[in-house]
Amino acid sequence: MLIKIYSFLNIIKDTFKKYPIVILSALINTCCFISLMYLGEYQYENFDNYEQIHEIKHKIKTLGLVSGLGISLFFGIKMASERYGKIVIFHLLGFIFLGFVYYLFRPFQDDSYLSYEQYKSMYYVFIFYFLTHLLVSFIPFLNKNNNDFWNYNKNLFINLSLSSFFTGVFTGGILLGLYMLESLLSFDVPSICYISISGILLLFTNTFIFLIFNRKGLNNLVEEEKYPILLKIFTQYILIPLLIIYTFILYIYGLNILIKWDLPRGFVSSFIFGYSLLGIFTFLLIYPLTKEIKWIKIFFKIFFISLLPILVLLFLAVFVRVFNYGITENRYYVLILALWISMITLYFVFLKNASIKFIPISLFILGILSISTPFFNLFSLSIYSQKKELMKLLKKNNILNNQNKIDFSKKIHYEKIWEINEKFYYLEIRDTLFLKDIFPPISEQNNSFSHYFVENIKSKDKEEKEQNDIFTYKRVINMELIENLKNYDFIGNLYSNYTLDDKYLISFENNQMILSELNKKNQTSYNISSLLKEKTMEQIDLFDNQILHPILHPKKPILLQFSMKEYDFVIVPRQISIKEQNNEIVECELIDDDYNLIFIKKK
């Protein structure tokens, strides 16, 4: 028994020695996650320091995102250094890159509303996480053969699957044990305990188990083994038949389009992407068998050739959307993915000595170009395209004057108002200066271009249309609000249940605050809908010129004060959804938010 324990401790020691920076990244990432959970609870209980805690939370969030990126990045660097040496240089470059990423992620430190910089940062998060994982797949094999590359990725895939399975079972077992303690032995286990344990196991423990499986390094990962029999059965008798079925369905759909001479529907691109990616994934899984089993080699040659007509269908579907509505960030990546699948198809159709390394490397290069190419990156090209589409719509509907500014005396169809307004809404957080150039001087006092346009343009439709617009606003609780509530006791989040004086249970459902007597069926309720509307109307100006549509701010903090039984209640909403019709608020609803708070005092 002691020998086994000693052996296990040696395995842990070897893993720490092999991947110290990867483990440190995982540890920081996990600590950031746990800190965010506990700071959220602490923030509720320490309102005097609310703003300071709020600022700290967003710095921790940024650090957590960057350290999470470091897990895959430094694992890839370790694999590269084992192949090429230069370990210090590679790690130094890794730290410089993470510093640059931290700078890009700074907008996450302010969530008062979703700014364009935050929007860009969310794309950067996804792109960088994706690219670093791609980097791991090929970085040690830039000048090595396909067999080593395939064995390496096959072993990484198996190790990742095993570590995920072990972690999942372990996490489920621990959480079930906690639930049993609560249910059977009446232990009080806070909900944050469940979240914290899940975070530790899924973030740190999962990473550590994965590293244990890879503790022997690159040389062990590239060792050639017999092709797994289960994988052989799965690919030959499940994935390949599915590909054949999908091919027939897509070809029948294509023939149907030719017969009817109709354009493909937009959603067909999703099916083609799924089909193409499944085919490429199957090809990668079964690659070694293409050298041993002749029919598999012939099948995939036919598969890539059969993709060519389907790609024509794909580009037709994509360009129909782009031609009609222009390029946005999402459509940009649809185009990139279509381009990449086309490159892969042509590469394997026309090159005799094609390498499977081309698959991740080409996708990596396209991903880098999509965020770094001047004028043609996803942000620049999307803005340029939407500006062009907007001007095309304005000219087509003849609402521009001789100075290329919008003439609000002209009328257009109601449907076109909202089509044009979508472009304004897209551009007003991306290129305000451009919009100022096409609006008359009076509108420069109103930064909400989309709102101003809808309110001032005239519809030529004979029937009067009902015009509804939904606005939302976020409000950070300020010190003035804290002063106002010093005589109240802070209870917590509005959507949780609380016991009051061991006598009542308070809960909130369907806009109603419910006060129930414990162990009795008696309850009192108060519907806040009318009070919420009244207080919002007092404090909100729908045409607030200071804040960009649809973010509005109250003149003073909105407090919903009411009484039930022997208690006075105050609800402090964080976000409110407003339905406005004909320049009036017709309906208000609380948006579900952890920062909708409740305060109580006894009369």
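We count residues from 1, following the sequence as given. Please read these numbers as outputs of a predicted model, since none were measured by experiment.
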Which pair of heavy atoms, one from [X] and one from [Y], lies closest together, and at what distance?
X      : Y      : value
Thr30  : Ala26  : OG1-O, 2.8 Å
Val334 : Phe273 : O-CZ, 3.5 Å
Ser67  : Ser25  : O-CB, 3.5 Å
Phe304 : Ile344 : CE2-CG2, 4.1 Å
Leu201 : Thr205 : O-CB, 3.2 Å
Asn377 : Ser380 : OD1-N, 2.9 Å

Atom [atom1] of residue position [X] - does it have more than 12 heavy atoms of other residues, nucleotides or ligands inside 6.0 Å?
X      : atom1 : result
Phe271 : CZ    : no
Tyr227 : OH    : yes
Tyr84  : OH    : yes
Phe379 : CZ    : yes

Look up atom [atom1] in [X] and atom [atom2] in [Y], then write down how far apart they are to the nearest 0.5 Å.
X      : Y      : atom1 : atom2 : result
Leu142 : Ile139 : CG    : CD1   : 5.0 Å
Leu92  : Ile87  : CG    : CD1   : 12.5 Å
Leu221 : Asn153 : CG    : CG    : 9.5 Å
Leu381 : Ser385 : CG    : OG    : 6.5 Å
Arg321 : Ser269 : CZ    : OG    : 8.5 Å
Ile12  : Leu211 : CD1   : CG    : 12.0 Å

Next on the checklist: Could you work out, with side chain to side chain donor-acceptor pair (under 3.5 Å) as the rule, every residue matching Gln386, not counting sequence neighbours?
Outcome noted: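 Once residues adjacent in sequence are excluded, the partners of Gln386 under the side chain to side chain donor-acceptor pair (under 3.5 Å) criterion are Lys423.
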
Next on the checklist: Show, in sequence, the C-alpha distance, side-chain angles and deciding distance for Asn214 and Tyr19, and conclude whether the side-chain contact (heavy atoms from CB on, under 4.5 Å) test is met.
Outcome noted: CA-CA 10 Å; Asn214 298 291; Tyr19 303 105; 3.8 Å; yes

Next on the checklist: Pair Ile23, Phe204 - check side-chain contact (heavy atoms from CB on, under 4.5 Å), show working.
Outcome noted: CA-CA 8 Å; Ile23 292 170; Phe204 181 78; 3.8 Å; yes

Checklist entry - So, Phe74 versus Phe95, ring centres under 6.0 angstrom or not? => result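 Yes, ring centres under 6.0 Å apart.
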
Checklist entry - Do the ring centers of Phe100 and Tyr124 come within less than 6.0 Å of each other? => result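 No, the ring of Phe100 stays outside the 6.0 Å limit from the ring of Tyr124, centre to centre.
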
Is the shortest heavy-atom distance from the side chain of [X] to the side chain of [Y] under 4.5 Å?
X      : Y      : value
Ile383 : Leu427 : yes
Val22  : Phe208 : no
Val322 : Ile327 : yes
Ile127 : Tyr333 : yes
Ile195 : Phe33  : yes
Leu314 : Leu311 : yes
Val136 : Thr132 : no
Ser362 : Leu366 : no

Next on the checklist: Set out, in order, the CA-CA distance, both residues' side-chain angles and the distance that settles side-chain contact (heavy atoms from CB on, under 4.5 Å) for Asn151 and Lys154, then state yes or no.
Outcome noted: CA-CA 5 Å; Asn151 287 319; Lys154 181 260 295 181; 4.3 Å; yes

Checklist entry - When the ring planes of Phe75 and Phe210 are compared, do they come out parallel, tilted or perpendicular, using 30° and 60° as the limits? => result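 Phe75 and Phe210: tilted rings.
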
Checklist entry - Could Lys216 and Glu223 be called an ion pair, given the rule that one side-chain N must be under 4.0 Å from one carboxylate O? => result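 A salt bridge is absent here (no side-chain N lies under 4.0 Å from a carboxylate O).
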
Next on the checklist: Out of the candidates Ile71, Asn29, Ile34, only one should pair with Leu203 under the side chain to side chain contact (heavy atoms under 4.5 Å, CB included) rule; please name it.
Outcome noted: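 Single side chain to side chain contact (heavy atoms under 4.5 Å, CB included) partner of Leu203 among Ile71, Asn29, Ile34: Asn29.
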
Could you go through residues 170-180 and list every donor-acceptor pair under 3.5 Å that involves a side-chain atom there, pairing it with any protein atom two or more places apart or in another chain?
from   : atom 1 : to     : atom 2 : distance (Å)
Thr171 : OG1    : Thr167 : O      : 2.7

Checklist entry - Within 45° of the six-membered ring axis of Phe141 and under 6.0 Å from that ring's centre, is NZ or CZ of Lys357 located there? => result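 Ring-cation test returns no.
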
Checklist entry - Looking only at side chains, do Ser370 and Tyr332 share a donor and an acceptor under 3.5 Å apart? => result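 No, no side-chain donor-acceptor pair sits under 3.5 Å.
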
Next on the checklist: Go through it in stages, so that I can follow the logic: the residues are Ile158 and Phe213, the test is side-chain contact (heavy atoms from CB on, under 4.5 Å), and I'd like the CA-CA distance, side-chain angles, deciding distance and then a yes or no.
Outcome noted: CA-CA 10 Å; Ile158 291 172; Phe213 284 129; over 6 Å; no

With a 3.5 Å cut-off and sequence neighbours excluded, list the donor-acceptor pairs that the side chains of residues 275-287 form with protein atoms.
from   : atom 1 : to     : atom 2 : distance (Å)
Tyr275 : OH     : Thr247 : OG1    : 2.6
Ser276 : OG     : Ile272 : O      : 2.7
Thr282 : OG1    : Leu278 : O      : 2.7
Tyr287 : OH     : Asn146 : ND2    : 3.2

Next on the checklist: Just to verify, which of Phe348, Tyr347, Phe138 counts as forming a ring-ring contact (aromatic ring centres under 6.0 Å, His included) with Phe358?
Outcome noted: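 Result for ring-ring contact (aromatic ring centres under 6.0 Å, His included) with Phe358: Tyr347.
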
Checklist entry - Counting only N and O atoms by type, is there a donor-acceptor contact under 3.5 Å from the side chain of Tyr152 to the main-chain atoms of Pro140? => result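 Here the side-chain-to-backbone pair does not exist.
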
